[in-house]
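In this text, all values refer to a predicted model and were calculated from it rather than measured experimentally. Note that these values count all heavy atoms, side chains included, but never hydrogens, waters or copies made by symmetry. Just so we're on the same page: letters track the sequence lines, and every chain starts at 1.
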Number of protein chains: 2
Amino acid sequence: MKIDPNSSADLSVQIADAIRDAIVNGDLIVDERLPSESELAEHFRVSRPTVREALKRLAAQSLIRTQRGATGGAFVNRLSFEDAYSQQITTSTLLLSMNAVSFETACEARYALERACAPLSAQRRTADHLATMRAEIFRQGQPGLTDEAFCASDVAFHRALVDGAGNPVLSYQLAGAVEAMQPLMNMITFTARSREAIVALHTAIADAIEAGDGQAASDGLTALENETLKLARSVFARRRRRK
Amino acid sequence: MKIDPNSSADLSVQIADAIRDAIVNGDLIVDERLPSESELAEHFRVSRPTVREALKRLAAQSLIRTQRGATGGAFVNRLSFEDAYSQQITTSTLLLSMNAVSFETACEARYALERACAPLSAQRRTADHLATMRAEIFRQGQPGLTDEAFCASDVAFHRALVDGAGNPVLSYQLAGAVEAMQPLMNMITFTARSREAIVALHTAIADAIEAGDGQAASDGLTALENETLKLARSVFARRRRRK
DNA sequence: GGTTTTCAAATGTCAGACAAATGAAAAATG
DNA sequence: CATTTTTCATTTGTCTGACATTTGAAAACC
């Protein structure tokens, strides 16, 4: 683990990179304790605050965790799917909100990815996944539900669909795509009529999943994509007219 | 932007969260300059090193960038697809290497996601994407290519396929899935015969994309997935026997 | 033996200082 | 007047040294 004294990059960046490389390359293994801040400072010939800035950078990426006290220190963190989910969601959300990605583009990506899960989910979903989907569909039919709650239930429904595939890597990838869409979806007002249409499509998808028919589930998702797009366009058009 | 003095969480974490929330909620907009470190320290009633640790956390997530000098400071960063790609790749790579995800699981996720892109790519790919795919196929046929170079070319081929869909959100999502697999793929030794089979499948996929036949491209990817799995299993089996 | 106390080690935080970069204003120059 | 050079204030980057807080383990005690 070394740094280049001639580099123009900030020392804390160099140190963070050096430690990150060590972790990625397996020189530092999970749960291994890093040297103390003072020792690292001595090793890299920098001050403790500089080392600390480097460690904070790594902590922000969930690469290490720190513990105070006598036997404390910085430890290589096992990156959990949980941690990865939330990072993925934050990044995706910002990406969508900052880069003026059109609703169409985001929507297309989301449903394309979900269609990838559908056949696997139809094949492998447990009774539990199916029950969640049914429960969310029921909730979506309740009158008096706010638009936000409707959207949240929508996310839960799709999450169950994706998790049904039983592939944690897929679930992780999809978490970002589905959840990041929520702020965009929240901009849509759902009328009673449009909710009815969506609930019907959700039911069709759940039926297909229950029957183990992946193709039908994919088709249902395509229909849902078209319905969502239609809905979004009309909402945006109405909003433009009012301006 | 406030912090809770009663919270037990580290101050630098609280401050980072407060600023992150301000960015996500749009209270701080892209390219806006944050107050100087001294001003932030005064605002939050903490010392400058503590503020700096918070800023480094945000910088690690590409949420801000800093500039030295008279008109310098910390600025809200527009999260580029580029930045998001590399974060996504780092996270995915670590996730796969640290959580003992089976080759099968990772492979399944990757090809499922790619199949989601295939129909779009068949419809929209430019001549440029197609040319890249053909060029990589040619390279893969060259004798004397190292296994690493073969894998790198493989990644480039699939990247072009995905980019052909013309959806940056999809490309971003797939970047992680495809590139994170590379270390796993590098563990495989490609014999002349297996390379030949892969090149043939790549050619079939490129032909399908050129013909605008999304279904054929999907089928080609499925065939490639099976071939990859078969190859991996035989390599792993041979390795086990030798132990 | 079990309980309490003490203690050392580590991270978290603070204060103040200097170095280095950098853009803008001021001064010098043609 | 236009242009170049110099100065300078501002801001981040880094260092030093200190104290606070947490925490597990060893030592002392009953």
So what does B:Arg33 hit on the nucleic acid, given a heavy-atom distance under 4.0 Å: a base, only sugar-phosphate, or nothing? sugar-phosphate

Nearest-0.5 Å distance that lies between atom OG1 in A:Thr91 and atom OH in B:Tyr172: 5.0 Å

Give, for atom CZ of B:Arg110 and atom CE of B:Met181, the distance between the pair rounded to the nearest 0.5 Å. 5.5 Å

Quick one: does B:Leu11's side chain get under 4.5 Å of B:Ile3's, heavy atoms only? yes

Where each residue is assigned the nucleotide of DNA chain D containing its nearest heavy atom, which of B:Pro49 and B:Ser36 is assigned the position nearer the 5′ end? B:Ser36

Between P of C:dA9 and CG of A:Leu34, the distance in whole Å: 20 Å

Between CD of A:Glu39 and P of C:dA10 the distance, given in whole Å, is 6 Å

Polar side-chain atom of B:Gln14 near backbone of B:Asp4 as donor-acceptor pair, under 3.5 Å: yes

Euclidean distance, atom CD of residue B:Glu42 to atom P of C:dT13 [Å, nearest integer]: 19 Å

At under 4.0 Å, does any side-chain N or O of B:Thr66 touch on OP1 or OP2 of D:dG13? yes

Nearest whole angstrom, please: distance from the C1' of C:dT13 to the CD of B:Glu37. 16 Å

Side chain of A:Arg68 only, heavy atoms from C-beta on: which candidate in C:dG12, C:dC14, D:dG24 is closest? C:dG12

Hey, can you pull the residues of residues 3-22 of chain A with a non-hydrogen atom under 4.0 angstrom from DNA chain C? none

To the nearest Å, how far apart are B:Phe44 CZ and C:dT13 C1'? 16 Å

Hey, mind stepping through B:Thr105 and A:Asn167 against side chain to side chain donor-acceptor pair (under 3.5 Å) and telling me if it holds? CA-CA 6 Å; B:Thr105 303; A:Asn167 186 316; 5.1 Å; no

Can you tell me whether the side chain of B:Arg48 and the base of D:dT14 have a donor-acceptor pair closer than 3.5 Å? yes

Short side-chain N/O contact to D:dG24 OP1/OP2 from A:Thr71, under 4.0 Å: no

What is the distance, to the nearest angstrom, from the CG atom on B:Leu55 to the P atom on C:dT13? 14 Å

Please check the phosphate of D:dG13 (OP1 and OP2 only) for any side-chain N or O of B:Arg52 closer than 4.0 Å. yes

Spacing of B:Glu114 atom CD and B:Glu225 atom CD [to the nearest 0.5 Å]: 10.0 Å

Charged N-O contact under 4.0 Å between B:Asp31 and B:Arg65: yes

Spacing of B:Phe75 atom CZ relative to C:dG23 atom P, expressed in whole Å: 10 Å

Contact class for B:Arg65 vs. all strands (heavy atom < 4.0 Å): base, sugar-phosphate, or nothing? nothing

Intermediate values then yes/no, side chain to side chain donor-acceptor pair (under 3.5 Å), A:Gln61 and B:Thr90: CA-CA 10 Å; A:Gln61 297 182 301; B:Thr90 314; 5.8 Å; no

Work out how much the helix from C:dG1-D:dC30 to C:dG30-D:dC1 bends between its end axes, five pairs an end, to the nearest 10 degrees. 10°

Whole-Å gap separating C1' (D:dG13) and CD (B:Glu53): 14 Å

From A:Leu63 CG over to B:Met98 CE, what is the distance, rounded to the nearest 0.5 angstrom? 6.5 Å

Hey, does the side chain of B:Ser38 come within less than 4.0 Å of D:dT11's phosphate (OP1/OP2), counting only N and O? no

Considering only heavy atoms from C-beta outward, does the side chain of B:Tyr85 approach that of B:Ser171 to under 4.5 Å? yes

Mapping A:Ala70 and A:Thr50 to their closest nucleotides on DNA chain D, which lands nearer the 5' end? A:Thr50

